[in-house]
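Shown next, in structure tokens, is the structure this report addresses.
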2 protein chains.
Amino acid sequence: MDKEIIYDIRQFNRFYTKVLGLFNNHILDTDYSLTEARILFEISEETECIANNLVQKLNMDKSYMSRILRKLEKEALIEKKSSARDNRKNFLFLTKKGEEQLAKINIQSDQQINQLFSGLSESEIHEIHTSMMVIKEKLNKYNF
Amino acid sequence: MDKEIIYDIRQFNRFYTKVLGLFNNHILDTDYSLTEARILFEISEETECIANNLVQKLNMDKSYMSRILRKLEKEALIEKKSSARDNRKNFLFLTKKGEEQLAKINIQSDQQINQLFSGLSESEIHEIHTSMMVIKEKLNKYNF
DNA sequence: ATTAAAAGTGGACAAAGTCAACTAAAGGAG
DNA sequence: CTCCTTTAGTTGACTTTGTCCACTTTTAAT
């Protein structure tokens, strides 16, 4: 693979690390950390979500996950209901409060995106969007 | 801005968070953390680099930076030379050892990129590359 | 000359993440 | 069925990472 392309990709990675970093710090302005927000999000997306799914998907330590879930349960954002078929598993659900909190986070996140893209024309936004889809499709296809 | 586009962008961000996360954990396999690697890299790129540049560029707390730099100095990866014109500033330089360490990290990072892109055709790599350049150009232009 | 801002340091602390040992349940292989 | 392995999750002890604030020193600004 061409040296210059690798250089550019690494530069992009540094650049996008900063983009994501800024987003994440904004999320931290709410009461919940990025990770907690991600967990709420994933629980809401997935039916029959269990802790281990999250561990895989978010690439986290299971003990750490266990603690975060306990915290979220304590704060009444989520509920655990143990599986009838497999007593090792707990299905995770958002409570009403959890859904509300996630909704807030979603609104904030959408605003952040809007802000980042303010000053860009429709066609520029479209170009970026297309580019993101290309990257995701291509990399997803073979490596995740 | 269109709801669906925002949705896609957030999805891309989640996706790329994972990509970067995998990279970063690999860097952690070496003796230095991602942040330390970034600092070595930035010092090597910038002439007359001072701590405060790094604080801005990497979006970090200055006391934290101070400590990391002290650690790197202690391990003889960097040197500080106080500016003649402004005694508050210390110019930062890589030592020979620092350069060697950075070279190792660079090799590893290049290998990671190669690995991520293995299985993709030339034209696919080219597409991804172009897409990255588009995103960086467009977002950089107005917002950083 | 006084005040304000910039650069950096240090203490105390909190948040985030890791590691290893453990329990309990489920899924085989024989 | 019994033994062994795997999966899901928890707990304790710990390290790393990151934050907050007060402080010093030096430079810039009015």
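Naming convention: chains lettered A, B, ... in sequence-line order (proteins, then strands); numbering from 1 in each chain. Just so it is clear, the values below take in all heavy atoms, side chains as well, and ignore hydrogens, waters and symmetry mates.
- A straight line from CD1 of I50(A) to C1' of dT6(D) spans 13 Å, rounded to a whole angstrom.
- The interatomic distance linking I68(A) (CD1) with dG17(C) (C1') rounds to 9 Å, in whole Å.
- Distance, K71(A) NZ to dG17(C) P: 12 Å, rounded to whole Å.
- The distance between the ring centers of Y16(B) and F23(B) does not fall below 6.0 angstrom.
- Residues D61(B) and N52(A) both approach DNA chain D. Their nearest nucleotides, taken by heavy-atom distance, put N52(A) toward the 5′ side.
- Whole-Å rounding puts the N24(B) CG to dG18(D) P distance at 11 Å.
- Atom CD in Q56(B) sits about 11 Å away from atom C1' in dA7(C), given to the nearest Å.
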Atom pairs, protein N/O to nucleotides 13-16 of chain D N/O, distance under 3.5 Å:
none

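- With hydrogens and angles disregarded, no donor-acceptor distance shorter than 3.5 Å links the side chain of S83(B) to the backbone of K89(B).
- Residue I43(B) forms a side-chain contact (heavy atoms from CB on, under 4.5 Å) with just one option from L94(B), L77(B), I50(B), and that option is L94(B).
- In summary, E42(B) and R38(B) engage in a salt bridge, as defined by a charged side-chain N under 4.0 Å from a carboxylate O.
- Between the NE2 atom of H129(B) and the CE atom of M1(A) there is a distance of 8.5 Å, given to the nearest 0.5 Å.
- Atom pair K62(B):NZ and dA6(C):P shows a separation of 10 Å (rounding to whole Å applied).
- Both R70(A) and Y64(B) lie near DNA chain D, and the one whose nearest nucleotide falls closer to the 5' end is R70(A).
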Quiz item: Going through the distances and angles, do F91(A) and K80(A) end up as a side-chain contact (heavy atoms from CB on, under 4.5 Å)?
Solution: CA-CA 6 Å; F91(A) 293 129; K80(A) 296 177 185 171; over 6 Å; no

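- Rounded to an integer number of Å, the gap from M65(B) CE to dT19(D) C1' is 14 Å.
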Donor-acceptor list for residues 63-71 of chain B side chains, cut-off 3.5 Å, not counting sequence neighbours:
unit_1 : atom_1 : unit_2 : atom_2 : d
S63(B) : OG     : D61(B) : OD2    : 2.4
K71(B) : NZ     : E36(B) : OE2    : 2.5

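- Contacts between residues 75-91 of chain A and DNA chain D, counted as heavy-atom distances below 4.0 Å, involve K80(A), R88(A), K89(A), N90(A).
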Practice problem: Applying salt bridge (charged side-chain N to carboxylate O under 4.0 Å, His left out), run through R10(B) and D110(A) and close with a yes or a no. | Solution: CA-CA 8 Å; R10(B) 288 183 56 196; D110(A) 288 358; 3.1 Å; yes

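- With rounding to whole Å, I39(A) atom CD1 is found 12 Å from dA16(C) atom C1'.
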Quiz prompt | Verdict with supporting geometry, M60(B) and T35(B), side-chain contact (heavy atoms from CB on, under 4.5 Å) | solution = CA-CA 10 Å; M60(B) 285 173 56; T35(B) 306; 3.6 Å; yes

